[in-house]
Amino acid sequence: MERAGIVHRLDRETSGILLIAKNEAVFDRLCAAFKNRQVQKKYIALVHGETEDEGILNYKIARYGKKGKFVVDENFGKDSITEYKLIKKYIFKENALNSFLKTNFDRLSKKFDLVNYSKLEVKLHTGRTHQIRVHFAHIHHPVAGDKLYGWNKAVKFEKLWCPRQFLHAAEIQFIHPVTEKEIVISSELPGDLSEILKKYLYSKTGIVEKSS
């Protein structure tokens, strides 16, 4: 019986494109393409704070402990490269909070940046587990709603308005293993993440959204 399966996986709370092979031959060829870095993947992420307009994060990543967590480890980690471009900067709408949440927001904001956010287009040059989340947490711009790599004391508050991590697999580009034609598959930002941007965030004045 032919073996098929998921070639491109996503973290549990990440939305977007999955790549699934329907037979063993295609599965093997696609896996080889991923291994040889012949597949391009783009994500949309909302992270805490104001990032640079663009950048490349080149930090080695290794498994940490027994709970499925990963960390930057330059001694024992594997090569991991993440490229990003700024799409738009946002400010949190404090007036969208009720009085109870506003009190918690004011308290937490003294220690964590819960006011400023950056929407990014992220391109992976390697495919390490949790790579985007680990890299941006390492540079103190954790993905919004990330309960594993986010700021522990702020995550409980953040989950009230961003119930899952704001990370979406938006595009994948590869050569079809049978037809040998270039394939580009894209996925729009889903409704729940779009609603978060509309309901809780203001676009910063003077920042024009850039096309990906």
Is there a donor-acceptor contact under 3.5 Å from the side chain of Asp11 to the main chain of Thr14?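 No; zero donor-acceptor contacts below 3.5 Å.
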Hey, is the main chain of Lys78 close enough, under 3.5 Å, to the side chain of Ser80 for a donor-acceptor pair?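 Confirmed, Ser80 side chain pairs with Lys78 backbone.
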Heavy-atom pair with the smallest gap, counting every atom of [X] and [Y]:
X	Y	result
Gly77	Ala62	CA-CB, 3.7 Å
Leu57	His135	O-CE1, 3.5 Å
Lys153	Leu108	O-CD2, 3.5 Å
Asp79	Thr126	O-CG2, 3.8 Å

Please tell me if the side chains of [X] and [Y] come closer than 4.5 Å, counting only heavy atoms from C-beta onward.
X	Y	result
Phe92	Leu201	yes
Val155	Lys159	yes
Glu13	Leu167	no
Ile196	Pro163	yes
Ser187	Glu171	no

Centroid separation Tyr84 to Phe136 less than 6.0 Å: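 Yes, the ring of Tyr84 comes within the 6.0 Å limit of the ring of Phe136, centre to centre.
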Aromatic contact between Phe34 and Phe174, with the criterion being ring centroids under 6.0 Å apart: yes or no?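 Judged by ring-centre distance (under 6.0 Å), Phe34 and Phe174 do not meet the cut-off.
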Over 60° means perpendicular and under 30° means parallel, so classify the ring planes of His48 and Trp151, tilted if in between.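 Trp151 and His48: tilted rings.
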Fit a plane to each ring of Phe70 and His130, take the angle between them on a 0 to 90° scale, and name the class: parallel (under 30°), tilted (30 to 60°) or perpendicular (over 60°).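 Correct class here is perpendicular.
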[atom1]/[X]: more than 12 non-hydrogen atoms of other groups inside 6.0 Å:
X	atom1	value
Glu180	CD	no
His140	NE2	no
Glu188	CD	no
Glu52	CD	no

In terms of hydrophobic clustering (I, L, V, M, F, W, Y; side-chain heavy atoms under 4.5 Å; direct or indirect links), are [X] and [Y] co-clustered?
X	Y	answer
Ile139	Leu148	yes
Phe27	Val178	yes
Leu86	Ile132	yes
Ile56	Val72	no
Ile175	Ile20	no

Could you check Ile44, Leu46, Val47 and say which one makes a side chain to side chain contact (heavy atoms under 4.5 Å, CB included) with Leu120?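 It is Val47, the one option of Ile44, Leu46, Val47 that forms the side chain to side chain contact (heavy atoms under 4.5 Å, CB included) with Leu120.
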Lys/Arg N to Asp/Glu carboxylate O, [X] vs [Y], below 4.0 Å:
X	Y	result
Lys88	Glu50	no
Lys147	Glu158	no
Arg164	Asp146	no

Provide the full list of side-chain hydrogen bond (donor to acceptor under 3.5 Å, both in side chains) pairs with a residue in residues 55-65, sequence neighbours left out, each pair given once.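 Matches after skipping sequence neighbours: none remain.
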Under 3.5 Å side-chain donor-acceptor pair for His141 and Ser118: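 Ser118 and His141 do not have a side-chain donor-acceptor pair below 3.5 Å.
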Say whether Gln131 and Thr82, considering side chains only, have a donor N or O and an acceptor N or O under 3.5 Å apart.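 Yes, Thr82 and Gln131 have a side-chain donor paired with an acceptor closer than 3.5 Å.
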Could you tell me if Lys93 sits above the aromatic ring of Tyr200, with its cationic atom closer than 6.0 Å to the ring centre and no more than 45 degrees from the axis?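 Lys93 over Tyr200 ring: no.
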Name of the residue among Tyr202, Trp161, Tyr90 meeting ring pair (Phe, Tyr, Trp, His ring centres under 6.0 Å) with Tyr117: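 Going through the options one by one, the only one that passes is Trp161.
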Could you go through the side chain to side chain contact (heavy atoms under 4.5 Å, CB included) check for Tyr149 and Val71 one step at a time? CA-CA 9 Å; Tyr149 298 102; Val71 296; 5.8 Å; no
